[in-house]
Amino acid sequence: MTRVAIVLAILLGNSASGREIHVPKDRQTIQAAIDTATNGDVIIVVPGTYTEKLKIEGKNLTLASTDYFQNSDHWATVERTILDGGPDGRKKGPPIIEVKKGAELRLIGFTIQNSHHAVVVSGRIEVAHNRFIENGDALSFESGSGGVYRNLFEHNGDDGIDLDDSSAAVIEDNVIRNNKDDGIEIRLHKHRGQLLEIVIRRNVFEGNREDGLQLIDYPGMGDRTFRIERNLFVGNAMAAIGCMADGNTKENYEGADLLEPVLVVNNTLVDNRYGITGGDNMLLLNNVIVGTAKTAVKRVHGDSVAGVNLLWHNGEDLEDCDLNADRFLSADPQLDDKHKPRSGSPCIDAGTASFDYHGEQFVLPSDSYTGAAPDLGAFEFKPAR
């Protein structure tokens with residue numbers, strides 16, 4: 001296994017073991033490297049600006065910036081290795097990268113910019129340590145799947161991440177901020193068959209001009225589940241987590257009678273216009289919702305249930321909900337400037353590690369919290385040393 005493949009295995013848990021192809025040393029263009037590569041190959045790109053339109057079909061490849069694995073200042077390399085849509089890229093046209101059905105790509109260490117749809121996935125992708133800036137939609141899953149880890153999605157003209165049709169993904173440890181529409185938009189198109197699992201964990205959603213996370217419902221119930229866990233939602237202009245009805249993406253705060261299971265666990269929502277809207281099959285557990293301009297929790301009812309959650313200084317705490325109001329604490333959470341609990345916060349050890357959710361026991365792993373019980377909110381309290 002090459003040195004780069006070893007680093008990839010550590011980063012993404014894969015075992016890329018093919019040859020290294022360097023651009024432009026071995027091939028003048030990235031697409032030429034893709035065309036000559038075989039399964040398992042790693043394509044390494046030197047810093048510069050590239051205006052190609054890349055297509056991956058029928059192969060399992062890695063595409064990475066050349067200095068990323070050598071340079072201790074990783075983001076400096078990412079900022080200098082640019083995949084650019086070109087002067088007309090923001091208009092309708094082909095994406096910068098298209099991963100076709102049956103193909104697999106690991107994409108590591110690039111700035112991806114100036115494209116109407118920057119990366120479109122109908123196959124499988126693992127995306128790590130990239131900057132998606134100044135695109136329309138940045139990363140779009142179209143009946144695709146994969147993992148999205150430790151990226152920055154910023155100043156995109158539409159959504160940071162889209163999931164459409166029969167898509168599934170694990171989205172962890174990203175910063176998704178200041179996008180013109182939603183941070184993440186997921187359309188729950190009709191899907192029956194293999195269960196689609198969508199995990200959204202430890203991300204920061206900040207300053208998006210519509211919703212932080214938007215779930216768009218369609219008639220009927222699809223075979224998919226959501227786990228929304230330990231995210232921070234700050235200052236999103238509309239809803240932190242908004243459920244929309246009947247294919248509508250224009251936020252109206254009505255909430256949707258969304259039937260798919262949505263587990264909303266250990267999140268912190270601060271200074272959004274609305275907190276959580278809609279959902280007929282939600283579990284709300286160990287969340288902190290603070291400083292909401294309008295309503296913290298609206299129209300969450302049906303088969304939805306709530307464990308312990310903390311609400312504070314909201315315009316209204318609960319509206320049109322049939323949740324047990326006793327499950328919601330009212331106290332100043334005493335958060336610091338990074339929205340983490342201070343010493344003495346009522347959030348510390350106040351959460352629930354297990355909860356009955358429709359006859360099944362939902363259990364948080366013991367290594368996911370540090371005290372006798374989970375803290376409320378996205379962050380566990382850590383005493384100053």
Side-chain angles (χ1 to χ4, degrees), residues 90-92 115-118 120 132 134-143 153-167 169 171 176-191 198 200 203 205-222 224 226 228 231 233-260 262 264 267 269 271-282 289 292-302 304 314-316 319-321:
R90 293 293 296 272
K91 300 177 182 178
K92 286 186 178 294
S115 179
H116 179 66
H117 284 82
V120 176
F132 290 82
E134 302 293 343
N135 300 288
D137 283 330
L139 174 60
S140 299
F141 289 87
E142 305 290 343
S143 291
F153 297 85
E154 185 170 29
H155 295 304
N156 296 289
D158 201 339
D159 306 313
I161 304 173
D162 273 343
L163 282 81
D164 294 330
D165 299 309
S166 298
S167 293
I171 302 170
I176 307 169
R177 67 189 180 201
N178 301 325
N179 298 290
K180 190 173 181 180
D181 199 348
D182 305 315
I184 299 178
E185 178 187 287
I186 304 175
R187 291 183 179 269
L188 281 66
H189 293 112
K190 183 177 180 180
H191 170 79
I198 300 170
I200 300 170
N203 303 284
F205 297 82
E206 183 173 7
N208 297 291
R209 290 172 61 182
E210 293 199 12
D211 294 346
L213 169 62
Q214 185 176 85
L215 308 182
I216 303 175
D217 195 23
Y218 286 77
M221 177 178 175
R224 55 171 64 81
F226 293 88
I228 303 166
N231 301 285
F233 296 85
V234 181
N236 296 286
M238 295 187 175
I241 303 173
C243 298
M244 302 297 300
D246 301 323
N248 179 26
T249 186
K250 188 175 181 180
E251 182 60 75
N252 56 18
Y253 310 111
E254 289 183 357
D257 298 327
L258 196 151
L259 299 175
E260 285 85 350
V262 181
V264 183
N267 299 279
L269 286 63
D271 294 342
N272 303 283
R273 183 172 177 81
Y274 279 78
I276 302 169
T277 64
D280 273 19
N281 195 5
M282 280 190 169
I289 308 179
T292 312
K294 294 295 186 179
T295 305
V297 182
K298 179 180 179 181
R299 205 176 182 221
V300 177
H301 48 68
S304 296
N314 302 299
E316 187 172 358
E319 178 184 353
D320 192 19
C321 296

Sub-4.5 Å side-chain heavy-atom contact between F141 and I171 | no

Using 0.5 Å steps for rounding, measure from the [atom1] atom of [X] to the [atom2] atom of [Y].
| X | Y | atom1 | atom2 | value |
| --- | --- | --- | --- | --- |
| R209 | N179 | CZ | CG | 10.5 Å |
| M282 | H301 | CE | NE2 | 10.5 Å |
| R224 | I198 | CZ | CD1 | 6.0 Å |
| E316 | T292 | CD | OG1 | 11.0 Å |
| E254 | C243 | CD | SG | 13.0 Å |
| S167 | I161 | OG | CD1 | 12.0 Å |

Would you check, one step at a time, whether the test side-chain contact (heavy atoms from CB on, under 4.5 Å) holds for H117 with D158?
-> CA-CA 9 Å; H117 284 82; D158 201 339; over 6 Å; no

Apply side-chain contact (heavy atoms from CB on, under 4.5 Å) to R187 and T249, showing your working.
-> CA-CA 9 Å; R187 291 183 179 269; T249 186; 3.7 Å; yes

Y274 meets the ring-ring contact (aromatic ring centres under 6.0 Å, His included) criterion, sequence neighbours left out, with Y253

Taking only residues two or more places apart in sequence, or in another chain, which ones meet H155 in a ring-ring contact (aromatic ring centres under 6.0 Å, His included)?
-> none

To check you understand the geometry: which heavy-atom pair defines the closest contact between [X] and [Y], and what is its length?
| X | Y | result |
| --- | --- | --- |
| T277 | G242 | OG1-CA, 3.3 Å |
| V300 | G278 | CG2-O, 3.5 Å |
| S166 | S143 | N-OG, 3.2 Å |
| A239 | D211 | N-OD1, 2.9 Å |
| G279 | S304 | O-OG, 3.1 Å |

Please walk me through it: do E251 and M244 pass side-chain contact (heavy atoms from CB on, under 4.5 Å)?
-> CA-CA 7 Å; E251 182 60 75; M244 302 297 300; 3.2 Å; yes

Heavy-atom donor-acceptor pair, [X] side chain to [Y] backbone, under 3.5 Å:
| X | Y | result |
| --- | --- | --- |
| D271 | G235 | no |
| N281 | L259 | yes |
| N248 | K250 | yes |
| N135 | S115 | yes |
| E260 | G222 | yes |
| R273 | K294 | no |
| N231 | N267 | no |

Please work out whether the ring planes of F132 and F153 are parallel, tilted or perpendicular, with thresholds of 30° and 60°.
-> parallel

Just do the side-chain contact (heavy atoms from CB on, under 4.5 Å) check on R299 and D257 with the steps written out, would you?
-> CA-CA 9 Å; R299 205 176 182 221; D257 298 327; 3.5 Å; yes

Sort out for me which residue in N156, N236, N272 forms a side-chain hydrogen bond (donor to acceptor under 3.5 Å, both in side chains) with N208.
-> N236

Residue that, paired with I176, satisfies side chain to side chain contact (heavy atoms under 4.5 Å, CB included) out of D159, I200, I184, L213 | I184

